[in-house]
Each structure stands twice: as structure tokens, then as C-alpha cells.
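Here is the structure we will look at, set down as C-alpha cells.
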Amino acid sequence: MIFKSLGAAVAAVVLTAAAITTIGTVPVVAQDTTRALTNIKGDVWRFQNNFHFSVVIVTADGVVVTDPINTEAATWLEAEIASRFGKPVTYLVYSHSHGDHASGGAVFADTATVITQANAPAAIDGVAPDIRFSQAMSFTSGDHSFELTALGPGHGTDMLAMVIIRPENVAFVVDVVSPGRLPYQDFPGANIAGLIEQTKIIEALDFEILSPGHSRMGDKADATQAREYVEWLRAAVTTELKAGKSADEVVASLDTTAYKDWMAYDMWRDLNVQGMARWLKESGEVQ
Ligand SMILES: [Zn+2]
């Protein structure tokens, strides 16, 4: 397998100028797409489409892919897999059904067995999964084993974590943990108590490398830190609201500087506090 030994050296970053317009005399690239397939370890690869990431595992019996992201991204990935590895995609595993990660699966569905957690809709972007499981399942392909664990309600209701066991020991985790980065915006749609429980399930899994759907690569300590941040924010905002402050006053006064070095701090710090205050009231944790 010459492709294996080339490893990260064959990783490609493709910049696609989707639209080039001109403002005055200065040409402006309106939209770039960054796509890459880079080696994580052994036969496990990380697929990037802008700010979304997925994993690809090249086994002796075929290629296992996770979130297709969207049709254009999946089409690029399918061609990349064919040219580098010369093997068909035999499994497609959805982390969850949210459209920004799970669109475009039809690109792989003709050759792949499609797997999802049982709470997912009947069809995900037009693809009806072949296998739906409630708590946990495992499967093998070639010399690799895959363990899928349902994470319960929190970020969505059909989230799973996938661990590629020995020799790589990589966990693929989407949206529940984004290493070194604040949670997305104002926790849109999240059940925050559930999000904490989802993170605890991830911490209890047996893995060494955490390959997330967003942000940098990490490990189990990143999951713990992500949970500790959400738990701290929940407690701190609760205290302030119970002291009679409004959500806006908590945004203005809460000391979050311990997290100032995390990615997206400037963008999402205020939204995180607002979202926590909203959820505490909506859930009845704070009357
Ligand atoms: Zn999501």
C-alpha cells in the first residue's frame, strides 16, 4: 500500500475560488473553500471542508467515512478517496443529523452501508439509513473495529461518538466538544444539562486522540475542560441571576477571563453567557 507510507505528505489543500467579483478596481474572492484530507494516525484521516471536519478510515475491506458535510464536499472526497486509495466507500456513519454535517450522503449511499442513531429522521438529506441503533453498536471492516455510542439528548437527540479502536484509538466527536474553543454561539437548540451528560459519556470512552467536527485535534483532557467550562458557566450565571441581575447585566459583569485564550472567545463569549441565561430560565433551573 504505497498510499499508506506517503501519509501526510500527500495531504492536499485545495483552494477553490467559488466566486470572484470586483469591487472598484480590486478583485475580491468572495468565497473560498478549503478542503483537505490529512493523516491523523495509521489508516485514519481527517477530512476538512472549511470549518467542518470528518474522519475517513481506509481498511483492507473498503473505506469507512463519517459526516459527508455537503454534496460538493462529499463529491470532492469521493474522488480523492478513489484516486489515493482505489477502494470503494463501504460504510457511511452519521455523527448526527444536523444539516451542516450530514448533508450530501447520497454521494456514498450507492456503495455504502449507512448507519445512524435511532432518533435520526427517516431520511437524512434524502438518504434512508440501513442501520439504526439505540444505545451502542460495533462493526468491523478489514483489520479495524468501530464502536458507536449513543450520547443521548443534549446537542440534538441523535448524536453518537465513534471510536476507531486499535491500533489508532481515535474518537470522532462532533459539536459536543470542540477542543480549545468556546461552545458555538448561544448554545442554539441545546439542552445544556444534556450537553454536560453527553460530554461525560465521551470522557468515559476508551480513546487517546479526539478528532472533532470543529476546531483543532485534541484528547480526553479537552473533553474534560469543555465540560468544566459549561459546568462553571452554568453555576456562575445561576448565582448572578439569583442575585437579581438581568441576563444583559450578567453579560456585562461576569468575569470570564480565565477562558480568554480559547478560540472564538471574542466572538462568542457574550453569546455563551446569554445562551446560558436563556436556558437556565427556559429549563426552570432559575425561576
Ligand atoms: Zn450539530
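One-based numbering, in listed order, for ligands and for the atoms of each.
Between N272 and the options Y265, Y184, Y229, a side chain to side chain donor-acceptor pair (under 3.5 Å) holds for only Y229. Of the candidates D158, D67, N119, D175, H96 forms a side chain to side chain donor-acceptor pair (under 3.5 Å) with just one, namely D175.
Atom OD2 is the N/O/S atom of D175 found closest to the Zn ion (ligand 1). Minimum-distance N/O/S atom of H96 relative to the Zn ion (ligand 1): NE2. Residue-level check: among N/O/S atoms of H98, ND1 sits closest to the Zn ion (ligand 1).
Neither side chain, H52 nor N70, offers a donor N or O lying under 3.5 Å from an acceptor on the other.
In the displayed structure, E285 atom CD is contacted under 6.0 Å by more than 12 heavy atoms of other residues, nucleotides or ligands.
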